[in-house]
Amino acid sequence: MTPSLSSPPPLIHPIWVRLMHWSNALAFLVLLTSGWRIYNASPFLPLHIPADVTLGGWLGGALLWHFAAMWLLVVNGLLYLTVGLAGGRLRERLWPIRLPLLWQDLVDALRGRLNHVDLRHYNQVQRAAYVFAVLDIVVLVMSGLVLWKSVQFPLLRTLLGGYETARRVHFAGMAGGFGFLCVHVLMTLRFPQTLRAMLLGR
Amino acid sequence: MTTRKFRQTPGSVVRGDQAAASVEPAPPTAQTPILSTPDRALLLKDSSRLLQAPARRQWLRGAVTLGGLSLLTGCEIGGGNQAEQFLKAVSRLNDRAQGLLFDPNHLAPTYTEAEVTRPFPFNAFYDVEEVTEVEESDWQLSVSGLIQDRSPWTLAGLRALPQEEQITRHICVEGWSAIGRWGGVRFSQFLQRIGADTTARFVGFRCFDDYYTSIDMATALHPQTLLTLTYDGQVLPKEYGHPVKLRMPTKLGYKNPKYIAELFVSNVNPGGYWEDQGYNWFGGS
Ligand code: HEM
C-alpha cells in the first residue's frame, strides 16, 4: 500500500487493540503497585518494597485496588484473546516464532541493528516478548485465583502446588511481568514512533 | 504480664482483631482517603515535574497522565472520595461474586498431625501479653436474633455436644498461612440445636475483646465450620480465643472470631471490625 493524499497511511493498530492495550496497562500498573503493598504486609523474601511506590495507603486500601483491577485485567484480557484469535491478529503478528530467527534478531537487537521500519510487522524478539507477556498474565491470573479462592478451585490449587507455592508463583509472575514492563517501556522510549502508533493507530 | 479482664457486655470497639496487620500501620479512619499522604506527595511531585518537561516530551506527558495521575488521584480530580466510593462498590460486587462461587460441597484441604505449624502464630492488633482472659465459670454464650431457643450456653453444655476435629490451613489476609488442629462442635449442628432460621442471611458475632464480625449463612452451614473449643487436643488456649472461637477454613483469619461472647442470626448485615474499615466483607477462600 502506498499512502497517497486521498488515502490515509495504513492502520498499524486497530482501535480495539489500542483500547485493550491501554486498559491492560492501567490494570497491570494498579495490580503491580497495590500488590507490592500487599506483599509488604507479610514478606517472604528479604525484600521490602518502599511504601512510596505502592498504591493503597494501607493493606486494606491496597486489597481494594487489587481486587478491583483484577476484573479489568481478566475481562479485558479475555476480550483481547478472543478478538485476537478469532480475527487472526495473534496469528499474524505474534506468530510464528522460530528459535534460530529469534536468536538472530536478539543478537541484532543487542547490537542496535534491528530496525522498526514496518510497524505492522513485529520482529522475533517483539513476538517472543509479547507472547511471554500474555502467558505471564495467564500465570498471574491462575495463581491469583488460587490465592483468592483456594478452596473453590481445588484442581488449580493442586496444579500450582498448594496455597503457599501459589504465593511464590504469583510473586514470580509479578517479577516476570515487571521485568517485561521495564524492557517494554525502555524500547518504547527508544522507538517513540511505536508509541505514537499505539496511541493514534498510525 | 498485663491481662485484660473480660467484660460481660462488649461495648464500643476500642481495639481487637483476629488476624490483624502487625506489620502494616493502623488502618485509616473512615474519613481518611485510601491514598496515604506520601502517595499524594509523590504524585504532586511527579505531576509538577511533568508540567515543566520540555515540549518534545508532550506525548510522554499524555501517556503518564493517562496511566498514572487520573487513576491515582481520581478522588482529587473528581472531588470528594469518588475513587474510594468506587472501590467499595466493587468490593460489594466481590462479596456477591464470592457468594456465587462458594460451593458448600468444596472442602478445604486437610493435613496430618506432622504438618501442623508449631508454634502456631498468635496474631491480633494487640500484643500477646494483652490477651483477653476469660474465667470459664463466668463465661456464657448469649444467642439471639432469628432463633427459637435463646437460653445462653455454658462451656459444659457445649462440651456435651458431639465433638469433631480438623487439621486445616488458616490463611491470613496479610498473605501468610499456618496449619492448625482445632476441635469442637460443628456449627451447623449448633445452629440446628438453637433452632436458628437457616434461611436468614447472616450470623453475627460479638467478642470479649470488643471485636465483632459476621458471616454469610452458607458458610455458617459449611461442614468444616466449627464452634471451636480445643486447640491441638487441649482446651482452647487464651492466645487462640479461649474459651470459644469460630473456625472456618473457608474464610480468611479476620473472619474467624475469637473470645466469642454472643452470636446472633439476622437478615441485616452486621458488618465487622475490619470489614467496616475496608477489608472485603465476604473474605472467603
Ligand atoms: C504503561 C506502559 C506501557 C507502554 C508505554 C506500552 C507501550 C506499547 C507500545 C508502544 C506497543 C507497540 C509496540 C510495537 O509496535 O512494537 C505495545 C504493544 C504491546 N504491549 Fe505495551 N505498553 C505498556 C504496558 C504494557 C503492559 C503492562 C503489558 C502487559 C503486561 C503490555 C503488553 C503489550 C503487548 C502484548 C503488546 C503487543 C500487542 C499487540 O500487538 O496485539 N504493555 N505496548
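Below, chain A is the first sequence line, B the second, and so on; all start at residue 1.
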Which heavy-atom pair separates [X] from [Y] by the least distance, and what is that distance?
X	Y	value
A:W71	B:A97	CZ2-CB, 4.0 Å
A:Q152	B:L101	OE1-O, 3.3 Å
A:A41	B:E174	O-OE1, 3.8 Å
B:P249	A:V151	O-CG2, 3.8 Å
B:Q277	A:W58	O-CZ2, 3.1 Å
B:W176	A:R167	CA-NH1, 3.6 Å

For [X], does the [atom1] atom sit with more than 12 other heavy atoms under 6.0 Å from it, leaving out its own atoms?
X	atom1	result
A:F178	CZ	no
B:R118	CZ	yes
A:Y130	OH	yes
A:R196	CZ	no
B:R201	CZ	no
A:W103	CH2	no
A:R202	CZ	yes

Bottom line for B:D103: the part with an atom under 4.5 Å from chain A's heavy atoms is both

Okay, B:A89 and chain A: the region with an atom under 4.5 Å from a heavy atom over there is neither

query = How about A:Y163 and B:I171: do any of their side-chain heavy atoms sit closer than 4.5 Å?
reply = yes

For this session: Working to the nearest 0.5 Å, report the span between NE2 of B:H106 and CZ of A:R157.
Result: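 One gets 9.0 Å once the value is rounded to the nearest 0.5 Å.
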
The reported gap from CG in B:N280 to NE2 in A:H66 (rounded to nearest 0.5 angstrom) is 13.0 Å

Okay, A:A68 and chain B: the region with an atom under 4.5 Å from a heavy atom over there is both

Turns out that what part of A:M70 lies under 4.5 Å from chain B's heavy atoms comes down to side chain

For this session: Quickly, which of B:V173, B:L87, B:N94 forms a side-chain contact (heavy atoms from CB on, under 4.5 Å) with A:L63? Name it, please.
Result: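 Only one of B:V173, B:L87, B:N94 forms a side-chain contact (heavy atoms from CB on, under 4.5 Å) with A:L63, namely B:V173.
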
